[in-house]
Amino acid sequence: MSPSVPAKPTLDGLEAKWAARWDADHTYSFDRTKTREQIFSIDTPPPTVSGSLHMGSVFGYVQTDTIARQRRMLGLELFYPMGWDDNGLATERRVQNYYGVRCDPSLPVDPDFAPPEKPGDREIPIARQSFVDLCDRLVVEDEKKFEELWRTLGLSVDWAMTYSTIGERSRRASQRAFLRMLARDEAYSAEAPTLWDVDDRTAVAQAELEDRETNAAYHSLTFHGVDGGENIVIETTRPELLPACVALVAHPDDARFAGRFGQTVRTPLFGVSVPVLAHPLADPEKGSGIAMICTFGDTTDVVWWRELQLPLRNVMGRDGRFLPNPPEWGTDVDDAAGTHYEELAGKNAKQAQRRIVELLAETRELVGEPKPITHPVKFYERGSRPLEIVTSRQWYFRNGGRDQSLRETFLQRGAELRWHPAHMRQRYDSWVEGLNTDWLVSRQRFFGVPIPVWYPLDAAGEPQWDAPMLPSEDRLPIDPASDLPEGFSADQRGVPTGFIADADVMDTWATSSLTPQIVTGWGDDDDLFGRTFPMDLRPQGPEIIRTWLFDTIVRAHFEHGTLPWRDTAINGWVLDPDRKKMSKSKGNVVTPMPLLEKHGSDAIRYWAASGRPGTDTAVDEGQMKVGRRLSIKLLNASKFVLGVISEAPAGEITEPVDRSMLHALAVTVTECTDAFEKYDYARALERAERFFWHFCDDYVELVKHRAYGAADDPGAGSARGALSTALSVLQRLFAPFLVYVGEEVWSWWQEGSIHRSEWPTLTEFVEGDPLVFAATAAAMGAIRKVKSDAKVSMRAEITQATVTDTEVRLAALELARRDVLAAGVITQLDTVVGDALAVTATLADPRA
RNA sequence: GGGCGCUUAGCUCAGUUGGUAGAGCGCCGCCCUUACAAGGCGGUGGUCGGGGGUUCGAGUCCCUCAGCGCCCACCA
């Protein structure tokens, strides 16, 4: 094919031109006739579409794409689908804010319901189905925006294989996996104290917690001794939970309380009798060394409550407000107890605390002033108020949180997985080692995969929680709220001897932990599953190791007895230009589209691919400019080489300096290939880039005069052959990074897409002596410096130059004498053997 | 409290088996060289966080200290 180079190459318009071509040519379509060995499958993170687009969304996905493209060029068939994580609370919240509505499952469906144009001041309560419909509607819009961004970025995913975590395939896989875990006793339901978000009114899992330093105060409260026993003063940050107090606890070895264990004291304000107990978890150093146990102030209370077998005195409602009636206190309480409790009923935790402190002050049972402190408090990661603990029936998946040997099993799975970079495994290990509960998967929410379970109602209308009724797998996916259990009719729903549906949905992670199974067609397409599972690579961010990565390992272990993938590549964080962590609340989120338009996709990709694996990287427009400059350089260098070889044919590569340059390029190819093998795309880019500038600055300048020679000049043919070979290799080395300009310059002289071309191998090269190019390039650099120091043009003539260098390097230089004379515009070149390189030169008189 | 990572030129960062410190940006100077002036060429600039050790030789290995960031932890 004869090269066809535009007169004025440009980066403008390349994205639109080639994105359309790739789409039309199915350049990235997956060929499912390939065997498992020929396929490289990537379990790409489905982004949370209800979140905003930001540079963090770009960073990791580009890094993954460079690996995907290089593997494709190696000849592997890429199984590289893209999904959208759209179910779950994040979407519900977005819908609530976007439309100004609130789901009230007690309302009947209004068939004429339409959302308001703009959200009003007050949220409109709507039926569950209407709410879910709005969620479905909005995620479609959000997904379009993500797809547009990914396409602009040039991600080489197969757009015919998208999926969403609320889609039918996902629901079917999620429910099937649930039923199988239930059958194997890997899933179970239980009534137990649970961390609870009072705003979203749902249980949350350990993986969704985060600690926040929170202001609080130690309140010293007097508990009254009975039968002549002395009073005991305890310190608490949650005095409002006093009516929920069930015991005091101190360390068994604490001499201060040695005589008190087993005795009874009476609580302030209420006069409830509670025992003084010993437990090793009580810390003598903390507060007054003795604590009150309430049901429940924190997770330590839950441990004490369980291990000391204490009664339940619940005061906190699921809406975060004190229950209307006091708990069961026993008979022997203060007369004023009920009155005092009435003061708290209906108040939230903060209000109740304020009031109870006033009451305690009035009764002089508050000792001194509260002492302000800050301490870590558990929050739902998306929540704004501290979590409470309430008792409720929930579904759990076993994950080792309550089983040491299972925990060991998952640690072993983590060790089997190949981590890039390797140290990221530490995060996995410390998470698994710290698990203390099973995985709570049920959520009291609406937009999610329903738990596929019904319960029979007895003659009194009470649900039989221990006898769930399950659908057969061929019915999946189902919604138990509208579908019926086998053998029941619709009119039996909710009536005695009938049935009710499980009202909950699964946590979004309960579904997204199955992405390897969902995309590979587990249970739906056995042929595809056999060709793609277990998958090769899981790329993802570090923040979801404890959720997505760990959960996915749990599911694959239980269902398939294997790892879900062989390798995982963990990307770093994206920081704002001032190296601060980006977050919506700080308002420093950088959105990608303006940067893409300003610098171009290849420049953005260059920035992302420059970030080392697992290394936090700042948004850096300077780096994007460097990427753009590199792209322009590739255009121009390609234009030059193709211009030369279109004038006269490439010949056999015979000249020592030509072979030497190719030798250096071969070394670079090996380095790039090795780096990619280890998932180090950044190193591959850096090596390719370093050689490319060396090639442009030193080699092209050196041989261009010779390359212009006639068709029958062997030296000219050799230069053209070397230039042509090097250009082809360099274009392909850059192709995984600079996908648009790479395709453009390839199209000028080659058939087919560069992204389906072969990754360079050493068979394309000829042998050469590395010293020739090295010594010559060094000498040319010194000659350029002479001219630069003399402040003359690089075209200025040198009448005589003397190059001093070692004997072996001079011998190498001698082999390129013709090129040195031409490139340096040197009339007479002398050489002197010495210790190191030095150049002296006499410049021609410009007036002569 | 436990763990991981980072600390190299003014800035952002490379530096993979230990062998005379690198890139880009910035800055200074030069060059309109027919691939490239929204370019190119040349240059300035670092006791590689502090201390100790191993070695003929340490940015690179070991110990220790400090600062920054992150992860985990039952956080009255």
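Proteins come first, then strands; the chains are lettered A, B, ... in the order of their sequence lines, and each starts at number 1.
- Ion pairing between A:Glu388 and A:Arg238 holds under the 4.0 Å rule for side-chain N and carboxylate O.
- Ring to ring, A:Tyr699 and A:Phe640 are not that close: their centroids are 6.0 angstrom or more apart.
- Not counting sequence neighbours, A:Glu797 has no partner by the salt bridge (Lys or Arg N to Asp or Glu O under 4.0 Å) test.
- A ring-centre distance under 6.0 Å is found for A:Trp607 and A:Phe59.
- Residue A:Ile545 contributes atom CD1, which lies 19 Å from atom P of B:rG3 at whole-angstrom precision.
- In this structure, NE2 of A:His705 is placed 10 Å from P of B:rU34, rounded to the nearest angstrom.
- In this structure, the CG atom of A:Leu575 is 15 Å from the C1' atom of B:rC11, given to the nearest Å.
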Step by step, would you call A:Val820 with A:Ile783 a side chain to side chain contact (heavy atoms under 4.5 Å, CB included)? CA-CA 10 Å; A:Val820 172; A:Ile783 290 164; 4.2 Å; yes
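- In this entry the distance linking CG of A:Leu843 with P of B:rC31 reads 13 Å, nearest Å.
- When the C1' atom of B:rG5 is taken as reference, atom CZ of A:Arg612 falls 16 Å away, rounded to whole Å.
- Residues passing the salt bridge (Lys or Arg N to Asp or Glu O under 4.0 Å) test with A:Arg706, sequence neighbours excluded: A:Asp658, A:Asp819.
- Using a 4.0 Å heavy-atom cutoff across all strands shown, A:Lys286 reaches at least one base atom of the nucleic acid.
- Here the C1' atom of nucleotide B:rG24 and the NZ atom of A:Lys625 are 13 Å apart, to the nearest Å.
- Between A:Phe691 and A:Phe695, the ring planes lie parallel to each other; the angle is under 30°, not in the 30° to 60° tilted range.
- For the strand RNA chain B, secondary-structure stems (runs of at least three Watson-Crick or G-U pairs, all distances below 3.5 Å) span B:1-7 with B:66-72, B:10-13 with B:22-25, B:27-31 with B:39-43, B:49-53 with B:61-65.
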Expected string for nucleotides 35-45 of chain B under the B/S/- scheme (protein heavy atoms, under 4.0 Å, primed atoms plus P, OP1, OP2 as sugar-phosphate) is BB---SSSS--
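- With P as the reference atom, B:rG49 and B:rC6 are 12 Å apart, rounded to whole Å.
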Polar-atom pairs under 3.5 Å, protein N or O versus N or O of nucleotides 69-72 of chain B: list them with distances, or write none.
| residue | atom | partner | partner atom | Å |
| --- | --- | --- | --- | --- |
| B:rC70 | O2' | A:Arg427 | NH1 | 3.3 |
| B:rC70 | O2' | A:Arg427 | NH2 | 3.0 |
| B:rC72 | OP1 | A:Arg546 | NE | 3.4 |
| B:rC72 | OP1 | A:Arg546 | NH1 | 2.6 |
| B:rC72 | O2' | A:Ser430 | O | 3.3 |

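- No contact: A:Ala790 has no heavy atom under 4.0 Å from any strand.
- Using a 4.5 Å heavy-atom threshold, the side chains of A:Ile290 and A:Val276 count as touching.
- For the pair A:Arg425 and A:Trp419, the cation does not sit on the ring face, since its NZ or CZ is not both under 6.0 Å from the ring centre and inside 45° of the axis.
- For the segment residues 289-307 of chain A, the set of residues with a heavy atom within less than 4.0 Å of an atom of RNA chain B comprises A:Ala291, A:Asp298, A:Thr300, A:Trp304, in numerical order.
- For A:Lys785 and A:Asp789, the salt-bridge test passes: some basic side-chain N is under 4.0 Å from an acidic carboxylate O.
- Judged purely by distance below 3.5 Å, without hydrogens or angles, the side chains of A:Gln731 and A:Trp749 pair a donor atom with an acceptor atom.
- Within 4.0 Å (heavy atoms only), A:Asp429 reaches no atom of the nucleic acid at all.
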